[in-house]
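Order of listing sets the numbers, starting from 1, for every ligand and every atom in it. The first residue in the sequence is number 1, and the count goes up from there.
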Amino acid sequence: MTEKDYTPTVAYLGPEASFTHIAATYMFGRTGLRPFPTIPDCIEAVAKGHVAYAIVPLENALEGSVPLTIDYLFHGSELFINAEMSIPIEQHLMVHKEQKNAVAQIESVQSHPHALAQCHKFLQYHYRKVPLFQTTSTAAAAKYVSEHPEQCIAAIGNRLAAEQYGLHIAEENIHDFHFNHTRFVVLSLRKGSLDRKGHSDKPKTTLMVKLPEEDRSGVLHQILSVFAWRKLNLSKIESRPLKTGLGNYFFIIDVLEDENHPMMIGAKEELAALNCSIRSFGSYFTYDQEISERA
Ligand SMILES: O=C(O)C(=O)Cc1ccccc1
């Protein structure tokens with residue numbers, strides 16, 4: 001993909017100061033970013049050509065895949081992955097400044113389901129009886145808290161969200177496990193890798209592989225050996241429901257190689273010969289951000 005001299009519009013899971021916003025800023029800078037309220041809204045905006053790119057969370061180190069992204073990306077979308085970035089996630093408990101002395105009386109905690117899950121032990125231990133409410137993003141929760149100063153409620157989100165919405169951080173780093181990273185993907189209607197500074201040496205290719213209709217023993221073994229004997233390194237394999245019936249699955253396979261490499265071309269041909277159906281989401285570079293790099 002060639003760089004254009006205009007700033008592309010980029011849809012991200014908003015509002016401002018979500019983790020996705022942080023990832024989007026890291027990848028594209030501050031201009032041209034447009035917040036959308038939900039992941040499906042971001043995916044639809046890029047699929048309909050309203051924006052050039054969308055950036056959405058794909059997978060968290062603690063919680064696994066983000067089901068909404070997987071559902072909308074792998075079921076019927078015609079999008080490609082142009083880049084992936086991984087950012088460290090630190091979660092903080094925040095309240096309205098007017099409620100900063102009432103933290104012991106918090107009546108509810110809101111956040112994105114993954115953020116609530118990442119802080120499960122903390123919440124169990126400190127706020128066992130407090131109801132938890134899911135929001136579309138951590139920043140949406142912070143914004144809601146900022147708009148309800150009279151309520152003794154808390155949000156879980158990042159430091160930027162506390163600053164953006166003027167909230168008081170009542171407890172820092174409440175995520176249960178230290179290694180809490182999330183992978184985000186940049187999507188567009190065009191195949192090709194975004195080439196920015198600091199990317200991985202090797203590109204990665206994401207394949208969606210559907211097993212042959214006829215049920216035969218050893219088919220998963222056959223699929224894996226297609227990659228194994230070619231020394232193609234897999235960085236992920238995940239089975240997801242096909243949604244056509246109980247027990248029907250497809251596989252998301254990430255391979256650390258460009259899809260145009262002769263071994264990859266051979267692998268795709270062999271998978272087709274095994275009666276698998278394959279859809280490639282393209283080859284793309286990966287970017288890793290550390291907290292110290294944040295603006
Ligand atoms: O809610 C957000 O801020 C997001 O961008 C999604 C998310 C939620 C929890 C961890 C990482 C990303």
Side-chain angles (χ1 to χ4, degrees), residues 10-28 30 33-43 45-46 51 53-73 81 83-94 109-123 132-147 153-165 167 169 171-187 286-291 293-295:
V10 182
Y12 70 91
L13 173 65
E16 277 180 49
S18 64
F19 285 104
T20 315
H21 189 201
I22 292 174
T25 310
Y26 179 65
M27 200 65 207
F28 293 97
R30 288 178 204 282
L33 306 184
R34 261 179 72 186
F36 283 76
T38 66
I39 290 170
D41 288 336
C42 296
I43 292 181
V46 70
V51 293
Y53 298 103
I55 175 161
V56 287
L58 180 71
E59 183 183 9
N60 178 263
L62 308 188
E63 289 311 301
S65 288
V66 178
L68 266 180
T69 304
I70 301 281
D71 273 0
Y72 280 82
L73 182 58
I81 302 176
E84 173 196 282
M85 84 228 52
S86 155
I87 67 168
I89 303 292
E90 291 183 334
Q91 302 287 12
H92 312 302
L93 187 75
M94 50 194 81
V109 179
Q110 25 250 299
S111 201
H112 185 276
H114 268 204
L116 293 171
Q118 286 159 18
C119 306
H120 188 261
K121 285 189 184 159
F122 170 87
L123 292 169
L132 307 178
F133 293 111
Q134 297 190 350
T135 53
T136 48
S137 73
T138 55
K143 186 163 185 281
Y144 182 90
V145 169
S146 76
E147 288 162 353
I153 54 177
I156 294 175
N158 61 58
R159 190 173 299 284
L160 186 67
E163 284 163 16
Q164 170 86 25
Y165 300 106
L167 302 182
I169 295 189
E171 191 79 41
E172 287 186 333
N173 295 323
I174 60 167
H175 44 286
D176 298 329
F177 295 93
H178 182 62
F179 188 85
N180 187 17
H181 283 59
T182 293
R183 288 167 66 202
F184 297 83
V185 278
V186 175
L187 306 171
T286 62
Y287 299 77
D288 288 329
Q289 189 207 26
E290 285 312 317
I291 287 175
E293 291 178 61
R294 283 199 192 144

Please give the N or O to N or O pairs under 3.5 Å between ligand 1 and the protein, distances rounded to 0.1 Å.
unit_1: ligand 1; atom_1: 1 (O); unit_2: Thr138; atom_2: N; d: 2.6
unit_1: ligand 1; atom_1: 1 (O); unit_2: Thr138; atom_2: OG1; d: 3.4
unit_1: ligand 1; atom_1: 3 (O); unit_2: Phe19; atom_2: N; d: 2.9
unit_1: ligand 1; atom_1: 3 (O); unit_2: Thr138; atom_2: OG1; d: 2.5
unit_1: ligand 1; atom_1: 5 (O); unit_2: Phe19; atom_2: N; d: 3.4
unit_1: ligand 1; atom_1: 5 (O); unit_2: Thr20; atom_2: N; d: 2.9
unit_1: ligand 1; atom_1: 5 (O); unit_2: Thr20; atom_2: OG1; d: 2.5

task = Only counting residues at least two apart or in another chain, list the ones meeting salt bridge (charged side-chain N to carboxylate O under 4.0 Å, His left out) with Arg159.
result = Glu172

remark   = Taken in chain and number order and not counting sequence neighbours, the residues that satisfy side chain to side chain contact (heavy atoms under 4.5 Å, CB included) with Thr136 are Thr38, Ala140

request  = Check whether more than 12 heavy atoms from other residues, nucleotides or ligands sit under 6.0 Å from atom OH of Tyr287, and answer yes or no.
outcome  = yes

request  = Supply the atom-to-atom distance Ile87 CD1 to Thr20 OG1, rounded to the nearest 0.5 angstrom.
outcome  = 7.5 Å

query = With sequence neighbours excluded, what pairs up with Pro35 under the side chain to side chain contact (heavy atoms under 4.5 Å, CB included) test?
reply = Tyr12

ask   = Is a side-chain donor or acceptor of Asp176 paired with a backbone partner of Lys121 at a separation under 3.5 angstrom?
value = yes

